[in-house]
Asker: 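Could you have a look at this structure, given as structure tokens, before my questions?
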2 protein chains.
Amino acid sequence: MSVEAANDQGFSLDAYLPYRLSVASNAVSGLIARAYQDRFSLSIPQWRVICVLAEDGGVTQGQIVGRTMMDKVTVSRAAQELLKRHLVARTDHQADGRSHVLALTAEGSSLHAEIAPLALAYEAALISGLAPGEVALLKRLLTRLQSVAGQLAGDATQA
Amino acid sequence: MSVEAANDQGFSLDAYLPYRLSVASNAVSGLIARAYQDRFSLSIPQWRVICVLAEDGGVTQGQIVGRTMMDKVTVSRAAQELLKRHLVARTDHQADGRSHVLALTAEGSSLHAEIAPLALAYEAALISGLAPGEVALLKRLLTRLQSVAGQLAGDATQA
DNA sequence: GCCATATAGTATCATATGCAACGATATTCG
DNA sequence: CGAATATCGTTGCATATGATACTATATGGC
């Protein structure tokens, strides 16, 4: 319909999966990030670190990096801020003097317990109206995209 | 299994949709961004502007903002760089002195024609092994998540 | 027609991100 | 044991991003 464009060889931005994925992710991440920031003054990396510690107990920063795909610098800065706020505690690693073991303090643990229901409520709101099978498929497909992208990047991200 | 953690009230980061979405999107965006940057010295915002112009012809920056969810500052900077490289041309808007109409130059158009197949090849690689119905559902679900997130943010993003 | 307000686009600033370099400790190999 | 190399975490830097303020123009009420 456009008068002078017509350069279109069948490429449509709106239908392009990487674009759709990025736009959807930005919308969702922005929503969640603002919620954590406004109510708890937590960034998303900080919240992720708290989650890993709540799930796995005492781990090193390197282990958090391996588990979350975050950059080690991001994890380092998140951990430092959480330390300053006494939400996590650090103990020297018993077998490696370069490393430390992080764990939630009681305060950090109770903050996690406070936020988790809110996080789940956001997820529930996002998937409201979707069939359970659709959600499961969505998560599976996202994992697959991540894995394929990792392989294409020549990365060692495992399947 | 962990000895002292056990703070887990059923919240698992790995199963959390916003997290999965963010990680998958970062992996895919990073892959695509590096490809465009390395081969064509284009950022993703620049590439998106080119795509909109290829599809829609002459539009204003404001229209690009409305169509792509990018910030107006991001679009402004992308457009300036593309102007400098003579990939797009600007003409004064005939009815609004504050605005301009952007369009691809011949050079910009041919760059778009060159990149589009590469972009489609990346998409094809990403979805290889998925059933067509799965891909269609994925795109539909992503659009829905974006829409719900927009509503929850109190935003005027239409359905 | 004139003033108040709204909008298009740009510039400025504050923050976030990730790469590269670094110091400290571990490990490997002669 | 000692030197070369690798790894953990931090720091510095260079870039990207988005909120805010600003300039110029447009629009609506009087």
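Residue numbers start from 1 in every chain, and the chains themselves are labelled A, B, ... in the order their sequence lines are given, proteins ahead of strands.
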Asker: B:E81 CD to C:dT10 C1': how many Å, rounded?
Answerer: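 Rounded to the whole Å, the gap is 16 Å.
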Asker: Output the rounded distance in Å from CZ (B:R90) to P (C:dA8).
Answerer: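 That distance rounds to 14 Å.
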Asker: Please report, rounded to the nearest Å, how far the C1' atom of C:dT15 is from the CD atom of A:Q46.
Answerer: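 Taking CD of A:Q46 and C1' of C:dT15, I get 13 Å after rounding.
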Asker: So, are A:R39 and A:E114 salt-bridged, with charged N and O less than 4.0 Å apart?
Answerer: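 So A:R39 does not pair with A:E114 through a salt bridge.
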Asker: Start at the 5' end of DNA chain D and walk down; is the nucleotide closest to A:R34 or to A:A79 reached first?
Answerer: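 This one resolves to A:A79.
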Asker: On the nucleotide D:dT11, are OP1 or OP2 found under 4.0 Å from the side-chain N or O atoms that A:Q80 carries?
Answerer: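 Checking A:Q80 against D:dT11: at least one side-chain N or O falls below 4.0 Å of OP1 or OP2.
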Asker: Determine the contact category for B:H93: base if any of its heavy atoms lies under 4.0 Å from a base atom, sugar-phosphate if only primed atoms, P, OP1 or OP2 are that close, otherwise nothing.
Answerer: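 Nothing, no heavy atom under 4.0 Å.
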Asker: Expressed as a whole number of angstroms, how long is the span from A:Q61:CD to C:dG18:P?
Answerer: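 In whole Å, C:dG18 P and A:Q61 CD are 16 Å from each other.
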Asker: Taking 4.0 Å as the cut-off, does a side-chain nitrogen or oxygen of B:T74 come that near to OP1 or OP2 on D:dT17?
Answerer: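 Indeed not, no polar side-chain atom of B:T74 lies that close.
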Asker: Check the distance between C:dG9's C1' and B:R77's CZ and give it to me in whole angstrom.
Answerer: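 Result: 12 Å.
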Asker: Verify whether the ring centers belonging to B:Y122 and B:W47 lie closer than 6.0 Å.
Answerer: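 Centroid separation for B:Y122 and B:W47: 6.0 Å or greater.
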Asker: Between A:D96 and A:P45, which is nearer to the 5' end of DNA chain C once each is assigned its nearest nucleotide?
Answerer: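 Nearest-nucleotide comparison on DNA chain C picks A:P45.
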Asker: Could you say whether A:S43 or A:G97 is positioned toward the 5' end of DNA chain C, judged by the nucleotide with the nearest heavy atom to each?
Answerer: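 So the residue in question is A:S43.
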Asker: Rounded to whole angstroms, how far apart are CE on A:M70 and P on C:dG18?
Answerer: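 Distance check: A:M70 CE to C:dG18 P gives 10 Å.
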Asker: If only side-chain N and O atoms count, and only distance matters, is there a donor-acceptor pair under 3.5 Å linking B:R48 with A:S22?
Answerer: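 Yes, a side-chain donor-acceptor pair sits under 3.5 Å.
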Asker: Please tell me whether B:Q46 and B:R77 have a donor and an acceptor in their side chains that are separated by less than 3.5 angstrom.
Answerer: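 No, no side-chain donor-acceptor contact under 3.5 Å.
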Asker: Expressed as a whole number of angstroms, how long is the span from B:R98:CZ to C:dT10:C1'?
Answerer: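 After rounding, the gap between these two atoms is 14 Å.
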Asker: Whole angstroms only, please: what is the CG-C1' distance between A:N26 and D:dG18?
Answerer: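 The answer, rounded to whole Å, is 12 Å.
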Asker: Give the cluster check for B:I127 versus B:L21: same hydrophobic cluster or not, with ILVMFWY residues linked at side-chain heavy-atom distances below 4.5 Å.
Answerer: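 Same hydrophobic cluster.
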